There are 2 protein chains.
Amino acid sequence: MTAPKRSITSTSEAASPALPKRARGRPRKTAEERDDGNRRGALLAAAARLFRRQGFDATSTRDIAAAVGMHSGSPFYHFKSKKALLCAVMEEGMRSAIARQAHAVQDVPPGPQQALQQMRRLIRAHFDTLHGRGNDFVPVMLYEHRSLTSAQRASLTKLQDSYEAAWTPVLEVLHASGQLRAPVKLARLLILGALSWSVQWFDPKKGASLDELTEACMVLFLKEC
Amino acid sequence: MTAPKRSITSTSEAASPALPKRARGRPRKTAEERDDGNRRGALLAAAARLFRRQGFDATSTRDIAAAVGMHSGSPFYHFKSKKALLCAVMEEGMRSAIARQAHAVQDVPPGPQQALQQMRRLIRAHFDTLHGRGNDFVPVMLYEHRSLTSAQRASLTKLQDSYEAAWTPVLEVLHASGQLRAPVKLARLLILGALSWSVQWFDPKKGASLDELTEACMVLFLKEC
DNA sequence: CCTACCGATCGGTAGG
DNA sequence: CCTACCGATCGGTAGG
């Protein structure tokens, strides 16, 4: 018998442990990460890092298992397939990106500058999502989209739509006030593209800082600020 | 014996046929493409299409061989490895992109609007390179960079630098005239990113046309036009 | 989660 | 460019 079948709650179709069975196994390899029950989370983090560095196809499930001290077959106890693991990485990335975004735009004080400040916060939150420490999940999504099944892609599209939707009202206000002159829909696609492409060239150890990058975006895309 | 070793002239290290040996083989499969001697070109085009659609790792050399009516081992007569084939695809893409770009900016009439018009032409040429019929070579380069060896990457970087260098003087003029307010170097990275990212969402069969897209870029990035 | 394994695929090559 | 093939790797699974 493999992992028990259960109702699917996520497209990544992870098989979470059936019963805790705690304190019954053999001694842990290292004392760290004894907070068992988070082996799944460790797999996700290792997979995100390796997928980002090497790409999905160039990373074997054995690599990922080894990175968390497991043996070759064990990741399939937590995830039903390699693609399900990839999908879970992307879903986790989008969830945290959406949360970071929501946190960034809340409590922006009203006033004539509100939309500008919201725009600045959205841009900065996006850069944090792409370039923050350990934030490998969304970059993986950006260039490993093709490796999903179409069903997985559809599920992720909902999360992406929700993320992108937050930009629209801000861009509309800026458009109405003359700060943004391009059509809102195209502007959103182009701006998000400009930001996202930074995964290809941004190096936190040299060149501009994220603050400088954010300001460069503001003066590049908007008419007066 | 395999293909004869010879001095390497290109990073893709293609093994071109030693002697023509023409009119000695068996009858061609189809009457078309009898312009023999271009089997290498056919492999390049097929590889570009498949790499773009499915990705490098998800495309087998057998797929590529079959697409041009060859048998599984034959691509290795023309290219020493799968990666060399990928690199050749990218080099070909960059060569034609550079040629298209040079053609686009030549003969822009001098005058106060010259830089604006050059900018427009650069943008439009970039979109043509990404979205023109059969132009799969550069899109492959954009998201299959990681699959190259570091030596191949270095060789390609030269071509990319040459391509990007053409933007700098135009952006500098626009910056000096106040049309562009962001720092030139960051502006170039962000603008090229915005354009390049369109491979992820642009659909020639619906939505905006390339002309509309180009104009949207102009009003998004520049202050008055 | 480990052990032991299978079936399939794939890049690449020798020789003609 | 074809034929025939090899060695290696890989995703995944049965059973515990």
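In what follows, chains carry the letters A, B, and so on, assigned in the order in which the sequence lines appear, proteins first and then strands, with residues in each chain numbered from 1. As the structure is a computational prediction, the values presented were derived from the model and not from experiment. Only this structure's heavy atoms are used, side chains among them; waters, hydrogens and symmetry mates stay out.
- What separates NZ of B/Lys82 from P of C/dG11 is a distance of 4 Å, to the nearest Å.
- For the side chain to side chain donor-acceptor pair (under 3.5 Å) criterion with B/Thr59, the lone passing option out of B/Gln54, B/Arg52, B/Arg53, B/Lys82 is B/Gln54.
- Taking atom CG of residue B/Asp57 and atom P of nucleotide C/dG11, one finds them 9 Å apart after rounding to whole Å.
- Side-chain nitrogen and oxygen atoms of B/Thr61 include at least one within less than 4.0 Å of the OP1 or OP2 phosphate oxygen of C/dG11.
- Nucleic acid contact class of B/Ser74 (heavy atoms, under 4.0 Å, all strands): base.
- When rounded to the nearest whole Å, the span between CZ of A/Phe51 and P of D/dG11 equals 9 Å.
- When the nucleotides D/dA4, C/dG11, C/dC2 are ranked by their closest atom to the side chain of A/His71, C/dC2 comes out on top.
- The partner of D/dC2 is C/dG15, by the rule that a Watson-Crick or G-U pair needs both atom distances under 3.5 Å.
- In this structure, CG of A/Asp63 is placed 11 Å from P of D/dT9, rounded to the nearest angstrom.
- Note: CD1 (B/Ile64) to C1' (C/dT9) measures 15 Å, nearest angstrom.
- Between D/dC10 and A/Arg62, no contact under 4.0 Å exists linking OP1 or OP2 to a side-chain N or O.
- Rounding to whole angstrom units, NE2 of residue B/His78 and P of C/dG11 are separated by 17 Å.
- In this structure, a donor-acceptor pair under 3.5 Å is absent between the side chains of A/Asp211 and A/Thr214.
- Between B/Val105 and B/Gln118 the shortest heavy-atom distance is CG1-O, 4.2 Å.
- We find that CZ of A/Phe76 is positioned 12 Å from P of D/dC10, with the value rounded to whole Å.
- Pairing each heavy atom of B/Phe221 with each of B/Ala194, the nearest pair is CZ-CB, 3.8 Å.
- When the C1' atom of D/dG11 is taken as reference, atom OH of A/Tyr77 falls 20 Å away, rounded to whole Å.
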